Amino acid sequence: MSWASWTTSGVYTGTGGVRTEEAGILSGDLTVHTTWFDGRASVAVQYSGSSDWFTLVGSPVPCPSEEESRTFHQSVVEAVRAGEGARVPPVGAEPA
């Protein structure tokens with residue numbers, strides 16, 4: 001089985017932040033982490049420099065390939081930057 005992970009730190013949320021399962025809305029300087037394993041992509045965020053991770057609402061999602069998971073991660077980063085209570089975007093959505 002293959003797996004991959006992608007991490008982008010220093011992502012500032014747009015107005016309205018992002019929506020997480022565990023903590024509700026988070027806003028500010030976040031680190032975004034996507035893990036792809038067994039045809040699924042899971043997304044978590046944390047305040048940059050913190051040790052606590054929070055699941056982004058809508059995660060995990062089906063994601064058929066490692067290559068697509070990389071593009072998906074970038075779409076998540078752009079959704080976080082857009083804010084507005086961002087959730088996991090659909091797989092296959094083009095990064096802004």
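Bear in mind that the values here come from a model prediction, so they are computed numbers and not experimental data. Both backbone and side-chain heavy atoms feed into the values below; hydrogens, waters and symmetry mates do not.
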Does the side chain to side chain contact (heavy atoms under 4.5 Å, CB included) test come out yes or no for L26 and V45, once each step is laid out? CA-CA 9 Å; L26 300 182; V45 295; 3.9 Å; yes
Over all atoms of both residues, closest heavy-atom pair of G17 and I25: CA-CG2, 4.3 Å
Is there a side-chain contact between V11 and D29 in this structure, where contact means two heavy atoms from C-beta onward sitting under 4.5 Å apart? no
Is any side-chain heavy atom of V32 closer than 4.5 Å to a side-chain heavy atom of H73? yes
Rounded at 0.5 Å granularity, tell me how far CG in D38 sits from CH2 in W3. 14.0 Å
If you apply the rule side chain to side chain contact (heavy atoms under 4.5 Å, CB included), what do you find for W6 with R70, and how did you get there? CA-CA 7 Å; W6 315 98; R70 176 64 185 105; 3.2 Å; yes
Residues S5, F37; criterion side chain to side chain contact (heavy atoms under 4.5 Å, CB included); working and verdict: CA-CA 9 Å; S5 68; F37 176 75; over 6 Å; no
Tell me yes or no: between the side chains of H33 and T35, is some donor less than 3.5 Å from an acceptor? yes
For the residue pair S27 and Y47, what are the closest heavy atoms and their distance? O-CE2, 3.1 Å
T31 versus S48, side-chain donor and acceptor atoms under 3.5 Å: yes
N/O donor-acceptor pairs under 3.5 Å from side chains in residues 79-91, not counting sequence neighbours:
| unit_1 | atom_1 | unit_2 | atom_2 | d |
| --- | --- | --- | --- | --- |
| R81 | NH1 | E78 | OE2 | 2.9 |

Residues 51-66, side-chain donor-acceptor partners within the protein, below 3.5 Å, at least two apart:
| unit_1 | atom_1 | unit_2 | atom_2 | d |
| --- | --- | --- | --- | --- |
| T55 | OG1 | E22 | OE2 | 2.9 |
| S59 | OG | V43 | N | 2.7 |
| S65 | OG | E68 | N | 3.0 |

Is there side-chain contact between T71 and Q74, with at least one heavy-atom pair below 4.5 Å? no
